[in-house]
Amino acid sequence: MLILEGSRAFSDFNKKKLLDSLQKSLTGLSDIHARYWHFVKTHEELSEAELEQLKDLLHYGESDEDDRPYGELLLVTPRPGTISPWSSKATDIIHNCGLNKIARVERGIAYFVEYRDDFTQLAKDQRFFIKGKIHDRMIEVVLEHEEEAEILF
């Protein structure tokens with residue numbers, strides 16, 4: 001499985017709205033970042049040219065100037081055992097572009113939660129609270145390590 005990091009998932013306005021909502025209950029929270037991540041299952045290894053073509057196809061939206069944000073990772077993905085509508089359409093487009101080595105592509109949102117210096121990490125109840133605010137339990141799950149995304153396939 002390939003993991004390709006993408007663009008910002010939210011505008012500044014939506015990010016501030018989410019951050020303000022979380023900070024009402026979690027005063028130690030200092031910032032939150034959200035980026036699209038793409039998970040790609042292939043039939044066989046892609047050539048460099050194919051990988052570049054795939055990256056070009058998955059480059060959309062507002063770019064973030066920073067490298068990977070700092071903070072604890074909470075990765076929101078579609079529920080395992082399902083294929084999201086986004087995945088169906090994106091996989092069709094990728095196949096129509098001649099990238100037939102790709103079995104499927106899925107998209108998630110990687111949240112990076114930053115907290116003030118007096119916090120070393122989020123407590124279990126704080127993590128549970130944040131998870132409840134960033135995903136829809138009916139159609140999504142929250143993973144805590146990127147390697148766990150393999151379960152999507």
Side-chain angles (χ1 to χ4, degrees), residues 1-43 46 51 54-95 99 102-153:
M1 176 183 73
L2 298 172
I3 300 175
L4 302 175
E5 298 181 19
S7 60
R8 292 174 43 178
F10 298 133
S11 66
D12 289 336
F13 175 80
N14 287 334
K15 174 187 169 178
K16 182 175 178 356
K17 185 177 167 184
L18 174 61
L19 183 61
D20 289 347
S21 169
L22 292 171
Q23 285 177 328
K24 286 179 185 174
S25 298
L26 301 173
T27 56
L29 190 70
S30 63
D31 206 353
I32 190 164
H33 307 274
R35 287 202 178 150
Y36 287 121
W37 279 13
H38 304 94
F39 307 96
V40 183
K41 179 72 172 177
T42 61
H43 298 296
L46 300 177
L51 183 59
L54 177 62
K55 286 179 180 178
D56 286 344
L57 288 170
L58 295 176
H59 180 77
Y60 53 88
E62 247 180 272
S63 293
D64 204 344
E65 319 230 327
D66 301 330
D67 289 332
R68 184 182 229 180
Y70 170 78
E72 276 190 60
L73 173 66
L74 295 173
L75 183 57
V76 176
T77 68
R79 279 198 164 290
T82 65
I83 298 175
S84 72
W86 185 93
S87 174
S88 296
K89 190 64 176 174
T91 303
D92 285 348
I93 291 169
I94 286 168
H95 287 163
L99 294 172
I102 295 172
R104 189 169 131 224
V105 62
E106 193 57 82
R107 179 175 74 173
I109 298 178
Y111 290 88
F112 295 89
V113 181
E114 291 183 38
Y115 35 83
R116 292 189 178 82
D117 293 335
D118 55 340
F119 278 55
T120 55
Q121 66 180 26
L122 294 171
K124 190 175 183 178
D125 60 331
Q126 293 169 325
R127 184 180 297 277
F128 184 78
F129 176 77
I130 293 172
K131 286 180 180 182
K133 295 284 189 180
I134 63 172
H135 86 293
D136 180 340
R137 295 181 316 158
M138 297 295 289
I139 59 172
E140 298 171 321
V141 295
V142 181
L143 309 173
E144 296 187 12
H145 304 283
E146 59 192 76
E147 302 83 29
E148 294 176 60
E150 186 71 45
I151 197 167
L152 292 170
F153 305 108

Please test Arg104 against Ile83 for side-chain contact (heavy atoms from CB on, under 4.5 Å), starting from the C-alpha separation and ending with a verdict. CA-CA 9 Å; Arg104 189 169 131 224; Ile83 298 175; 3.8 Å; yes

Looking only at heavy atoms, which two atoms of Ala9 and Ile109 are closest? And how far apart? CB-CG2, 3.9 Å

N/O donor-acceptor pairs under 3.5 Å from side chains in residues 16-26, not counting sequence neighbours:
| residue | atom | partner | partner atom | Å |
| --- | --- | --- | --- | --- |
| Lys16 | NZ | Asp20 | OD2 | 2.8 |
| Gln23 | NE2 | Leu29 | O | 2.8 |

Counting distance only, does the side-chain N/O of His135 pair as donor-acceptor with the main-chain N or O of Pro78 below 3.5 Å? no

Reported CD-to-CZ distance for the pair Glu144 and Arg127, which is rounded to 0.5 angstrom: 4.0 Å

Taken to the nearest 0.5 Å, the spacing of Ile32 CD1 from Leu74 CG works out to 7.5 Å

Looking at CG of Leu152 and CG of Leu143, how far apart are the two atoms once the value is rounded to the nearest 0.5 Å? 7.0 Å

Indicate yes or no for a side-chain donor-acceptor contact from Ser87 to the backbone of Val105 under 3.5 Å, with no hydrogens or angles considered. yes

What residues, two or more places apart in sequence or in another chain, satisfy side chain to side chain donor-acceptor pair (under 3.5 Å) together with Ser84? Glu106

Flag the pair His38 / Tyr36 as yes when at least one side-chain heavy-atom distance between them is below 4.5 Å, and no otherwise. yes

Hey, can you tell me if Tyr60 and Trp86 have their rings parallel, tilted or perpendicular (30° and 60° cut-offs)? tilted

Distance-minimising heavy-atom pair for Thr91 and Ala103: CG2-O, 3.6 Å

Run the side-chain contact (heavy atoms from CB on, under 4.5 Å) test on Leu46 and Ile102 for me, step by step, so that the C-alpha distance in whole Å, both residues' side-chain angles and the decisive distance to 0.1 Å come before the verdict. CA-CA 8 Å; Leu46 300 177; Ile102 295 172; 4.1 Å; yes

Residues at least two apart in sequence or cross-chain that pass salt bridge (charged side-chain N to carboxylate O under 4.0 Å, His left out) with Lys55, listed by chain then number, are Glu52

Check the pair His33, Arg8 against side-chain contact (heavy atoms from CB on, under 4.5 Å), reporting the backbone distance first and the verdict last. CA-CA 8 Å; His33 307 274; Arg8 292 174 43 178; over 6 Å; no

Spatial distance of atom CZ (Arg35) from atom CZ (Phe112) [nearest 0.5 Å]: 7.0 Å

If the plane angle is over 60° it's perpendicular, under 30° parallel, otherwise tilted; pick one for Phe39 and Trp37. perpendicular

Does Phe128, at its CZ atom, have more than 12 non-hydrogen atoms belonging to other residues, nucleotides or ligands within less than 6.0 Å? no

Hey, could you give me the CD/OG1 distance between Glu140 and Thr77, rounded to the nearest 0.5 Å? 8.0 Å

Enclosure of His59 NE2 (heavy-atom neighbours >12, cutoff 6.0 Å): no

First locate atom CZ of Arg79, then atom CZ of Arg137, and finally report the distance between them rounded to the nearest 0.5 Å. 9.0 Å

